[in-house]
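When reading the values below, keep in mind they use all heavy atoms of this one structure, side chains included, and skip hydrogens, waters and symmetry mates. Counting starts at 1 for both ligands and their atoms, in listed order.
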Amino acid sequence: MADGRFAPSPTGDLHLGSLRTALAAWLFSRANSGRFLIRMEDLDEGRVREHHYTGQLEDLRALGLDWDGDPVRQSERIGLYDAALQQLADAGLVYECWCTRAEIRVAPSAPHGDLPEGAYPGTCRDLSNGERTARRASARPPALRLRAGEAAVGFEDMLRGPVSGRVDDFILRRGDGVIAYQLAVVVDDAEQKIDLVVRGTDLLDSTPRQILLARLLGHERSTSFAHVPLVLGPDGTRLAKRHGAVTLADRAERPEIVLSMLAASLGLADPGEPVTTDQLLERFDPNRLPAEPWVLQA
Ligand code: GLU
């Protein structure tokens, strides 16, 4: 079985990179008769806009993708995340952190080279009770971090082969009270019984963190991962608004043409060949997916 999901943040129109990841995730699941779920990652309320929930779903539908059940909103599931946080805290795995981003940037980095970029150096990990009390009295509300112990985690990516990394003490809940992406994803993927996560390679660093967290929370399910190469603009940088026509709405072509273009980029169609999602399902073979980023020509 390959029950999968696509988990966009409703903070803007989906660009071609996200649409391509959605198509790949849909193909991985549906080609194996799996369920396919949509989950709106909308915890960062400041950036979320109501019309993007519907706009993103319309774009996915226009490409010919479908999904099971109603899309879920993380903002309606806070109780689940709070419970998981409490479970970790009860196990002594959570600590308060008052560091600012600037402080983390200038702090000496941790000894292990294979920690993710921007890894937390552990400044607040072992504060004395006195230091903690002083910070609580004087400073802004703390973020909550996982005591990860620089655990080494390895996994087999379906597209990239073996991946390994050490896990830093990443944030579980931000200082402003917002549950962090890593915690929400792990709770949701377990609760929604997802066993195949397909997403962009930009999240590769997150995967060891999420595997560790799932283990610490006692989730037994073993999840497979496939990280799809990113889409780059003609200048070789990650696709962004400034590259011009990068969403379905701002491309002049019909959605079928965009589907054909995405399919070709995934090695599943010839350039310009009209295709349907049913045809793509028949052709789908993870081994045909290109390992290199797709450079979108202007
Ligand atoms: N919300 C994330 C994004 O839009 C994806 C999270 C995931 O697939 O785990 O990039």
Trainee: Taking the inter-plane angle between the rings of Phe284 and Phe28 on a 0 to 90° scale, is it parallel (under 30°), tilted (30 to 60°) or perpendicular (over 60°)?
Mentor: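 Ring orientation, 0 to 90° scale: perpendicular.
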Trainee: Looking at Ser9, which atoms of ligand 1 are within less than 4.0 Å of one of its heavy atoms?
Mentor: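 Listed by number with element: 1 (N), 4 (O).
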Trainee: Provide the number and element of each atom of ligand 1 under 4.0 Å from a heavy atom of Arg5.
Mentor: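 So the atoms of ligand 1 that pass are 7 (C), 8 (O), 9 (O).
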Trainee: Please determine which of Arg136, Arg135, Arg173 meets the side chain to side chain donor-acceptor pair (under 3.5 Å) test together with Glu96.
Mentor: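 Passing option: Arg136.
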Trainee: Other residues, nucleotides and ligands only: do more than 12 of their heavy atoms fall within 6.0 Å of CG on Asp235?
Mentor: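 More than 12 within 6.0 Å, yes.
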Trainee: Provide the number and element of each atom of ligand 1 under 4.0 Å from a heavy atom of Arg199.
Mentor: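 Those atoms are 7 (C), 8 (O), 9 (O).
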Trainee: Start with the C-alpha distance between Glu58 and Leu248, add both sets of side-chain angles, then the distance that settles side-chain contact (heavy atoms from CB on, under 4.5 Å), and finish with yes or no.
Mentor: CA-CA 10 Å; Glu58 275 163 23; Leu248 216 48; over 6 Å; no
Trainee: Show me which atoms of ligand 1 lie under 4.0 Å from any heavy atom of Leu203.
Mentor: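 Answer for ligand 1: 5 (C), 6 (C), 7 (C), 10 (O).
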Trainee: May I ask you to list the atoms of ligand 1 that are less than 4.0 angstrom from any heavy atom of Tyr181?
Mentor: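 Listed by number with element: 6 (C), 7 (C), 9 (O).
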Trainee: Run the numbers on Leu230 and Leu239 for side-chain contact (heavy atoms from CB on, under 4.5 Å), then give the verdict.
Mentor: CA-CA 8 Å; Leu230 295 183; Leu239 192 68; over 6 Å; no
Trainee: Side-chain donor-acceptor pair under 3.5 Å between Asp82 and Gln86, yes or no?
Mentor: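 On atom types as modelled, these side chains do not qualify, holding no pair under 3.5 Å.
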Trainee: Does at least one non-hydrogen atom of Phe6 fall below 4.0 angstrom from an atom of ligand 1?
Mentor: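 It does not, in that no heavy atom of Phe6 comes within the 4.0 Å cut-off of ligand 1.
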Trainee: Under 3.5 Å, N or O to N or O, is Asp202 touching ligand 1 that way?
Mentor: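 For ligand 1, there is no N or O atom that lies under 3.5 Å from one belonging to Asp202.
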Trainee: Note the single closest protein heavy atom to atom 5 (C) of ligand 1, along with its residue, its atom name and the distance in Å.
Mentor: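 Here the nearest protein heavy atom works out to Ala7 O, 3.3 Å.
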